[in-house]
Asker: 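One structure, as structure tokens, below. Some questions next.
Numbers restart at 1 for each chain; the letters A, B, ... are given by sequence-line order, proteins then strands. These numbers come from the heavy atoms of this one structure, side chains and all, not from hydrogens, waters or symmetry mates.
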There are 2 protein chains.
Amino acid sequence: MTTEKEFQETTAQPRTAAPAERHGYVHGYSATEAQRLGDQADTLAELLHADTAYPAGSRVLEAGCGVGAQTLHLLAGSPGVRLTAADISADSLAEARARVAAHAPGAEVTWHHGDLHELPFADGAFDHVFLCFVLEHLADPVAALAALRRVLRPGGTVTVIEGDHGSAFFHPESAAARATVDHLVRLQAGAGGDGLIGRRLHPLLTAAGFDDVAVRPRTVYADGSRPALMEGFTRRTFVAMVESVRDDAVAAGLTSPAAFDRGVVDLRRTAEAGGTFHYTFFKALAVNP
Amino acid sequence: MTTEKEFQETTAQPRTAAPAERHGYVHGYSATEAQRLGDQADTLAELLHADTAYPAGSRVLEAGCGVGAQTLHLLAGSPGVRLTAADISADSLAEARARVAAHAPGAEVTWHHGDLHELPFADGAFDHVFLCFVLEHLADPVAALAALRRVLRPGGTVTVIEGDHGSAFFHPESAAARATVDHLVRLQAGAGGDGLIGRRLHPLLTAAGFDDVAVRPRTVYADGSRPALMEGFTRRTFVAMVESVRDDAVAAGLTSPAAFDRGVVDLRRTAEAGGTFHYTFFKALAVNP
């Protein structure tokens, strides 16, 4: 047994800025969404990023930086790295660039607009690769990981962070609430992604040829003793994420507006007095042989 | 944030010796079951018990000691306590007594045969009360906790450990496997218990009048990097527990033998190469005001 942080004290959220590589980004690209992603990344930082620190001078690739929400935390935890941040969305990349310029003006960042499956970098160009809430949106995560492994030097590491919506359980229990979460998972699957990818990180990284694959759950648990977490995670993060697919779920014929809204009401109830909420993220570290 | 053990290295299981207070004990009382419970408690010890240590001389009540599987760990972690171990099953109690005599011959234990709702002890007779995998079998856990609070001195603590079968998720995903787990939950509910009780510990303890209720998830996660955990937890503990209700599930008309067995095959697959398995226990500490 090793000791490590107890993560449950930290506000956290299940997914943040992630590009739609070859597929639709299920959460959309609105300004509201970008704000939501930024807020959530801040509250998740301690839970997800505290133990990621690359040595100064390391050549680091953030694949799928989105609007830069995780980029700031990466730079804060690893001052002096030589970061390349890549994303398939030019708009997101511009926003990430502005965000870093505002909050980390001294950081050395190279911005790359492109598909992470077809990066123009030389074999072994990076010491470390970092992905957060990216694989969940890709149709072939093993192919993506293999493409990233190519640009990683032998002995270099990849860090992958993902959620898993199947890890969400709560009190009071509610079939309507479960159904709304399932709609999100189905919509994401329909867009070629996988909202249940957290549990697959070990086999995916292994299949992509990585060694020493170590995956650890990072659990968020909120109850009446943690009102800030109930508000910050359960309501403003998880429920907000579920609510964001309401129109799409209705349009896809998965549900009616009334049924969806009942599920959201029940989900919100888990953040009221007497309610509890559980969610598990997974963080993986692996080595390029 | 506080630091604490990383629990995932530890083999663990979702439920162990628990008496059927006023209701049927869903797992039965066979010798095989007692052996299973003993083995499982050993592997779970570090995960669930490592941070429970009562001062020597403390008056401790273990409510629902069953066959003594947790009793040994309690005594090992708290040498010198004055333990009272209570259970509603005389046979289980005799087995617990023999187990403690064999493995902790110097321990000072008073054995009490009776219902934990109607303990004959004076108000405030104990400094600490300990329950592990007991509340899940009770029809009215708040009443049980209130009865236990009566025999706890002001300022004394209660420690509660429970699983939550709704926390089980795995790869490969399988509807048949989910159904078999659901059968267990339904059978337990039919017997007056709640296999999803872990998520309710905070509201239950609060409703029973306890203060400073602190509940923390304790997660078991097994993947290909942890073959011992796949074998010890996923197969020999969780799947074995699910398998133990096969005949009852069929007799209750919840499933057919073939359908149940398909689910078990799929559950076992999650402990083979490429599989993963996640389960969350909850441990609560609260104070009698």
Asker: Which heavy atom in Pro217(A) sits nearest to a heavy atom in Thr219(B), and how many Å separate them?
Answerer: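 Heavy atoms of Pro217(A) and Thr219(B) come nearest at CG-CG2, 3.9 Å.
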Asker: Counting heavy-atom pairs under 4.5 Å to chain A, which of Pro172(B), Ala168(B), Gly274(B), Gly275(B) comes out on top?
Answerer: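 Result: the option with the highest number of such pairs is Gly274(B).
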Asker: CZ/Arg200(A) to CG/Asp223(B) distance, rounded to the nearest 0.5 angstrom?
Answerer: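 Those atoms lie 14.0 Å apart.
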Asker: Does a donor on one side chain and an acceptor on the other come within less than 3.5 Å for His278(A) and Thr280(B)?
Answerer: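 A pair is found: one side chain offers a donor N or O, the other an acceptor, under 3.5 Å apart.
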Asker: Give, as side chain, backbone, both or neither, the part of Phe170(A) having an atom under 4.5 angstrom from any heavy atom of chain B.
Answerer: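 The backbone, not the side chain.
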Asker: Is a side-chain donor or acceptor of Thr276(B) paired with a backbone partner of Arg199(A) at a separation under 3.5 angstrom?
Answerer: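 Looks like yes, one N/O pair under 3.5 Å.
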Asker: Quick check: do Tyr221(A) and His202(B) have side-chain heavy atoms less than 4.5 Å from each other?
Answerer: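 They are in contact (side-chain heavy atoms under 4.5 Å apart), so the answer is yes.
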Asker: Tell me whether Arg186(A) at atom CZ has more than 12 heavy atoms from other residues, nucleotides or ligands lying less than 6.0 Å away.
Answerer: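 Open: at most 12 neighbouring heavy atoms sit under 6.0 Å from CZ of Arg186(A).
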Asker: Which region of Val213(A), side chain (C-beta onward) or backbone (N, CA, C, O), has a non-hydrogen atom less than 4.5 Å from a non-hydrogen atom of chain B, or is it both or neither?
Answerer: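 Contact with chain B: backbone only.
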Asker: In terms of heavy-atom pairs under 4.5 Å with chain A, which of Ala207(B), Pro203(B), Gly166(B) leads?
Answerer: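 With the most close heavy-atom pairs to chain A, the winner is Pro203(B).
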Asker: Looking at Val215(A), Thr206(A), Leu196(A), which one has more heavy-atom pairs under 4.5 Å with chain B than the rest?
Answerer: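 Between Val215(A), Thr206(A), Leu196(A), the count favours Val215(A).
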